[in-house]
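These notes concern the structure reproduced below.
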Amino acid sequence: MSKNLQRQNHKKLQQEVEQLKKEEKKWQRKEDDLKKKEKNMPWNVDTLSKEGFSKSVFNVKAENKEQSEEEKEQKHKTFVEKNVKLLKHFGMLHRWDDSQKYLSDNPHLVCEETANYLVIWCIDLEVEEKHALMEQVAHQTIVMQFILELAKSLKVDPRACFRQFFTKIKTADQQYMDAFNDELESFKERVRERAKVRIEKALKEYEEEERKKRLGPGGLDPVDVYESLPSELQKCFDTKDIEMLKEAISKMDPKEASFYMKQCVDSGLWVPNAKDGLDTDGAETEPVYEEAKTETGNQSTAS
């Protein structure tokens with residue numbers, strides 16, 4: 001190989017190396033620009049289809065920091081306090097286009113907190129027997145949940161794919177719509193069950209509070225004691241007839257009479273008094289009648 005040819009080859013290689021260095025710098029600048037744009041880029045699905053932007057821009061995973069239940073609860077509470085009006089407005093929307101535009105204007109609503117708020121609101125509405133309104137909000141709840149599920153499957157931020165959901169749902173085939181409607185109906189049924197459980201729990205708590213208020217000096221419930229009395233004694237308390245009560249007690253076995261009278265005293269059905277016609281064990285004294293403060297439903301108590 002001649003020296004001239006060697007020089008030419010060497011020069012050509014140098015030129016190629018220089019060109020590669022220029023290309024490397026050029027791509028480095030592009031990469032730096034992309035990172036800057038990644039930080040400042042709005043979270044919406046439009047950027048996914050723009051040339052020159054990689055879909056991986058939205059695949060950047062947030063730092064996974066495990067939150068305690070208290071932190072999650074506080075985060076949800078703060079979010080709702082700041083956005084309650086916006087959340088309620090979204091829950092009342094009917095049309096796909098309206099929902100899409102509203103989320104475009106308020107992309108921070110596309111998150112787990114919104115879905116959680118809508119679920120709780122649905123249960124509240126069902127408890128309040130606002131069934132039609134519950135079904136409306138339930139629809140929007142499933143919309144948000146479908147968006148969140150789509151984001152998980154694509155491994156992107158939910159704000160990056162909500163438009164993709166609306167595009168799909170507005171042109172969906174029957175199979176996709178059936179899946180959406182089936183989930184909606186299942187969700188509404190779950191809401192009804194949760195509401196039913198909540199109502200039953202509230203009733204039990206109310207009944208327990210009322211029962212505690214009724215308890216007599218001996219810690220017995222006058223309603224329970226009244227219902228346990230023989231019918232002839234119940235009739236005495238219904239009519240507030242002291243003479244009838246004395247007569248009924250006198251016909252009973254002394255031990256049995258003493259047991260029932262002590263139950264009546266401990267529950268507040270019978271308020272013993274030094275001048276009463278009967279003492280706590282059913283023995284007769286000079287009769288005096290007073291109405292006890294405790295009442296058992298429509299039955300008045302006697303003393």
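Using a 4.0 Å cut-off between charged nitrogen and carboxylate oxygen, Lys168 and Asp173 do not count as a salt-bridge pair. Using a 4.0 Å cut-off between charged side-chain N and carboxylate O, Glu193 and Arg190 make no salt bridge. With salt bridges taken as basic N to acidic carboxylate O contacts below 4.0 Å, one links Asp105 and Lys101. No salt bridge links Glu207 with Lys204; every basic N to acidic carboxylate O contact stays at or beyond 4.0 Å. With respect to the salt-bridge test (charged N to carboxylate O, under 4.0 angstrom), the residues Lys152 and Glu149 qualify. Using a 4.0 Å cut-off between a side-chain N of Lys or Arg and a carboxylate O of Asp or Glu, Glu247 and Lys251 qualify as a salt bridge.
Note on ring orientation: taking the six-membered ring where Trp is involved, the planes of Phe166 and Phe162 are perpendicular (angle over 60°, cut-offs 30° and 60°).
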Can Lys170 and Asp97 be said to form a side chain to side chain contact (heavy atoms under 4.5 Å, CB included), step by step?
-> CA-CA 9 Å; Lys170 285 187 286 188; Asp97 288 337; 2.7 Å; yes
Walk me through it: do Met144 and Asn116 pass the test side chain to side chain contact (heavy atoms under 4.5 Å, CB included)?
-> CA-CA 10 Å; Met144 186 57 62; Asn116 292 339; over 6 Å; no
Would Phe146 and Leu150 satisfy side chain to side chain contact (heavy atoms under 4.5 Å, CB included), going step by step from the backbone distance to the final call?
-> CA-CA 6 Å; Phe146 261 60; Leu150 178 61; over 6 Å; no
Decide side chain to side chain contact (heavy atoms under 4.5 Å, CB included) for Leu87 and Trp121; before the verdict, give the C-alpha distance in whole Å, the side-chain angles of both, and the deciding distance to 0.1 Å.
-> CA-CA 10 Å; Leu87 292 167; Trp121 190 16; over 6 Å; no
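More than 12 heavy-atom neighbours from other residues, nucleotides or ligands sit within 6.0 angstrom of CD on Glu81. Atom CD of Gln175 has 12 or fewer heavy atoms from other residues, nucleotides or ligands within 6.0 Å. Residue Lys88 qualifies as enclosed at atom NZ: its count of foreign heavy atoms under 6.0 Å is above 12. No more than 12 heavy atoms of other residues, nucleotides or ligands sit less than 6.0 Å from atom CD of Glu70.
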Review item, side-chain donor-acceptor pairs of residues 130-140, under 3.5 Å, at least two apart:
unit_1: Lys130; atom_1: NZ; unit_2: Glu128; atom_2: OE1; d: 3.4
unit_1: His131; atom_1: ND1; unit_2: Glu126; atom_2: OE1; d: 3.1
unit_1: His131; atom_1: ND1; unit_2: Glu126; atom_2: OE2; d: 3.1
unit_1: Glu135; atom_1: OE2; unit_2: Arg192; atom_2: NH2; d: 3.2
unit_1: Gln136; atom_1: OE1; unit_2: His94; atom_2: ND1; d: 3.0
unit_1: Gln136; atom_1: NE2; unit_2: Gly91; atom_2: O; d: 3.1
unit_1: Gln136; atom_1: NE2; unit_2: Leu93; atom_2: O; d: 2.5
unit_1: Gln140; atom_1: NE2; unit_2: Phe90; atom_2: O; d: 3.0
unit_1: Gln140; atom_1: NE2; unit_2: Ser99; atom_2: OG; d: 3.0

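Residues His76 and Tyr117 place their aromatic rings such that the two centres sit no closer than 6.0 Å.
Rounded to the nearest 0.5 Å, atoms CG (Leu220) and NZ (Lys262) are 7.5 Å apart. Atom OG of Ser104 is separated from atom CZ of Arg163 by 3.5 Å, given to the nearest 0.5 angstrom. In this structure, CD1 in Ile120 is found 8.5 Å from CZ in Arg194, a value given to the nearest 0.5 Å. Interatomic distance, NZ of Lys72 versus CD of Glu112, reported as 9.5 Å (0.5 Å rounding). Between the CD1 atom in Ile123 and the CD1 atom in Ile199 there is a gap of 11.0 Å [rounded to 0.5 Å]. Atom CZ of residue Phe165 and atom CG of residue Leu154 lie 13.0 Å apart, to the nearest 0.5 angstrom.
Listed for the Glu185 side chain is no donor-acceptor partner under 3.5 Å among the backbone atoms of Asp182. Gln234 places a side-chain N or O within 3.5 Å of a backbone atom of Tyr226 that can act as its donor or acceptor partner. Formation of a donor-acceptor pair under 3.5 Å by the Ser258 side chain with backbone atoms of Lys255 is not found in this model. Remark: side-chain polar atoms of Thr114 are paired, donor with acceptor, to backbone N or O of Leu109 under 3.5 angstrom.
Between Asn106 and His89, the closest side-chain pair of non-hydrogen atoms is not below 4.5 Å. Side-chain contact between Lys213 and Glu210: present, with at least one pair of heavy atoms (C-beta onward) separated by less than 4.5 Å.
Of all non-hydrogen atoms in Arg159 and Pro107, the two that sit nearest each other are CG-O, 3.2 Å. Heavy-atom minimum distance, Asp157 versus Ala151: C-CB, 4.2 Å. Gly268 and Pro217 make their closest contact through N-CD, 3.9 Å (heavy atoms, listed as atom of the first residue, atom of the second, distance). Shortest non-hydrogen contact noted between Pro158 and Ile147 is O-CG2, 4.0 Å. The minimum heavy-atom distance linking Tyr260 with Ser228 is given by the pair CE2-O, 3.9 Å. Heavy atoms only, all atoms of each residue included: Thr141 and Cys122 are closest at OG1-SG, 3.7 Å.
Residue Met261 forms a side chain to side chain contact (heavy atoms under 4.5 Å, CB included) with just one option from Asp266, Ile249, Leu269, and that option is Ile249.
Leu233 and Met244 fall into different hydrophobic clusters, defined by Ile, Leu, Val, Met, Phe, Trp and Tyr side-chain heavy atoms under 4.5 Å apart, directly or through other members. No path of Ile, Leu, Val, Met, Phe, Trp and Tyr side chains, each step under 4.5 Å between heavy atoms, connects Val127 with Val197, placing them in separate hydrophobic clusters.
Defined by atom type and a distance below 3.5 Å, a donor-acceptor pair is missing between the side-chain atoms of Asn181 and Tyr176. Donor-acceptor pairing under 3.5 Å is recorded for the side chains of Thr78 and Gln74. Between Asn83 and His108, the side chains place a donor N or O and an acceptor N or O closer than 3.5 Å (distance only, hydrogens not considered).
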